[in-house]
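Reviewing the structure listed below.
All chains are named by letter (A, B, ...) in the order of the sequence lines, taking the proteins before the strands, and each is independently numbered beginning at 1. What's counted below: heavy atoms across the whole structure, side chains too, no hydrogens, waters or symmetry copies.
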Amino acid sequence: MKKIEAIIKPFRLDEVKQALTAVGVSGMTVSEVKGFGRQKGHTELYRGAEYTVDFLPKVKIEVLLPEELLSSAVDAILESAQTGKIGDGKIFVTTVDEVIRIRTNERGDEAIR
Amino acid sequence: MAQINSGDTAWILTCSALVLMMTIPGLFLFYGGLVRSKNVLGTIMQSLVVVGLISIMWVLWGYTLAFGPDVGGLIGNLDWFALNGVGAEPNPDLVAGVPHLAFMVFQMMFAIITPALITGAFAERAKFSTFIVFVLLWSTFIYAPLCHWVWGGGWMGAMGALDFAGGTVVHISSGISALAAAMVYGARRGYGRDAMMPHNLPFSVIGASLLWVGWFGFNAGSALAADGLAAVAFVTTNTAAAAAALAWMFTEWATGGKPTLLGAATGAVAGLVSITPAAGFVSPVSAIFIGVGGGVLCYAACNLKARLGYDDSLDVVGVHGVGGIWGALATGLFASTLVNSGGADGLFFGNPGQLWIQFVGVAATMVFAFVGTLVILGILNATMGLRLTDDEEQMGLDLSQHEERGYTW
């Protein structure tokens, strides 16, 4: 089993969710996060006082999926999250040792279907 | 019983409620939104507790010091202590046709908002217990005498200084005291290094809007009658606020920034401050000039603050101090007896002497408020301590001073 963690622009979330469900992903966890990469921050001005905001708001999506779904899911994210402008985010893929559905004790691929 | 004018009385009582609304919730929303979320309750609490303290203080000894029988042009005596002799009967020396108690409570609301305005200068770092003592001392030794000088039969009113609704008494006094307070309190931890952004601008703009509405009570109510002069003050007030909101917005836009909501709202407040001393003495067209001047000058002052490095956290000096000074001087420029035969002509209407009188009033108010506030805060700093400890400041007013928090997520 694999885990995809994708950091994306917040306003692309709906497109990414639709693209992932379209390729057969049946669940995901989404969190609002902050961070910076090459995009860096921006400045805000309040009555002449300028502040640099380093951490920009992003959305992190976590998806667990069987290995055979991985490449189509990654493609779906790339297609739906890409704007071509700096700050589009990153995709991380890791291997997951075990998944257990708490309600039924099902394990492995059974637990994420 | 002397004749009571029901129209005037209804207007004064209504305006008293409008002026209270400027402090709660107007000012506390304006200020509460500008601080960081860990200080929102403590900031609101300061305004609320001023309402409590000054309501009692004014009844017991504040009103008699400000408006009681004159002692040497400087202060009222204690004949009206605890409102002794102040009742439903009008006092024609102050205002005819309106119950003396109605005039008293109208003035109470001015006495409340003035110290509440100062709280913006030491936002996010004041020790609550000392703050309570400060408010009582400041209102007794600074506000009450000043109020007496201008409106209570004291020397400044006798000299002919024009202050329709409190440009000197309320705005210069609070603005200049705020400068003294910012200096004595010192900057917040991390000022100039950490981002100290407003945590809720919609709060602040609701607050500024309530100030705008409440200001009709403040200025038009200062006609002390439901008459033509009240209508003049109402129109000049709205006109100046509108002009200043636009002036601030276009100035920041034209000088390389974006037109900001906080800028437009702050500009409106700056315009309201500027027109306050002039409201019943100038024409609506003059009010446009006064508003534009207030918007541009206060914008420049707030921008300058960042370079001067003192931490008047919520710009009390830049808005109320600078706007108040401009308004008082502008009254000496634009006042016209065609608008109000009980007033005077200003420089632009052939009477340059009025500008000098206004200047003397401004200078005296500035010196008195600045020195008086320095002395009071100096004593309190040496005895009770003005500031939170570093840990408390980091924790925020809400948890360290009140053990509660505004937001639970």
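- For Arg101(A), the CZ atom sits in a packed shell: over 12 heavy atoms of surrounding residues, nucleotides or ligands are nearer than 6.0 Å.
- By the neighbour-count criterion of 12 heavy atoms within 6.0 Å, atom CD of Glu106(A) is densely surrounded, having more than that number from other residues, nucleotides or ligands.
- Sparse packing is recorded around CD1 of Ile102(A), with 12 or fewer heavy atoms of other residues, nucleotides or ligands lying under 6.0 Å away.
- Counting heavy atoms from C-beta on, the side chains of Leu45(A) and Lys258(B) never come closer than 4.5 Å.
- Considering only heavy atoms from C-beta on, Leu34(B) stays 4.5 Å or farther from Tyr46(A) through its side chain.
- Annotation: Phe92(A), atom CZ; neighbour count of heavy atoms from other residues, nucleotides and ligands within 6.0 Å is above 12.
- The neighbour count for Glu68(A) CD, taken as heavy atoms of other residues, nucleotides or ligands under 6.0 Å away, is above 12.
- Contact of Glu50(A) with chain B is not made at all, since no heavy-atom distance falls under 4.5 Å.
- Taking both residues in full, the closest heavy atoms of Met196(B) and Tyr51(A) are given as O-OH, 3.2 Å, listed atom of the first, atom of the second, then distance.
- No other option in Asp194(B), Asn303(B), Thr266(B), Thr260(B) has as many heavy-atom pairs under 4.5 Å with chain A as Thr266(B).
- Chain A forms the most heavy-atom pairs under 4.5 Å with one residue out of Pro198(B), Gly257(B), Gly263(B), Cys302(B), and that residue is Pro198(B).
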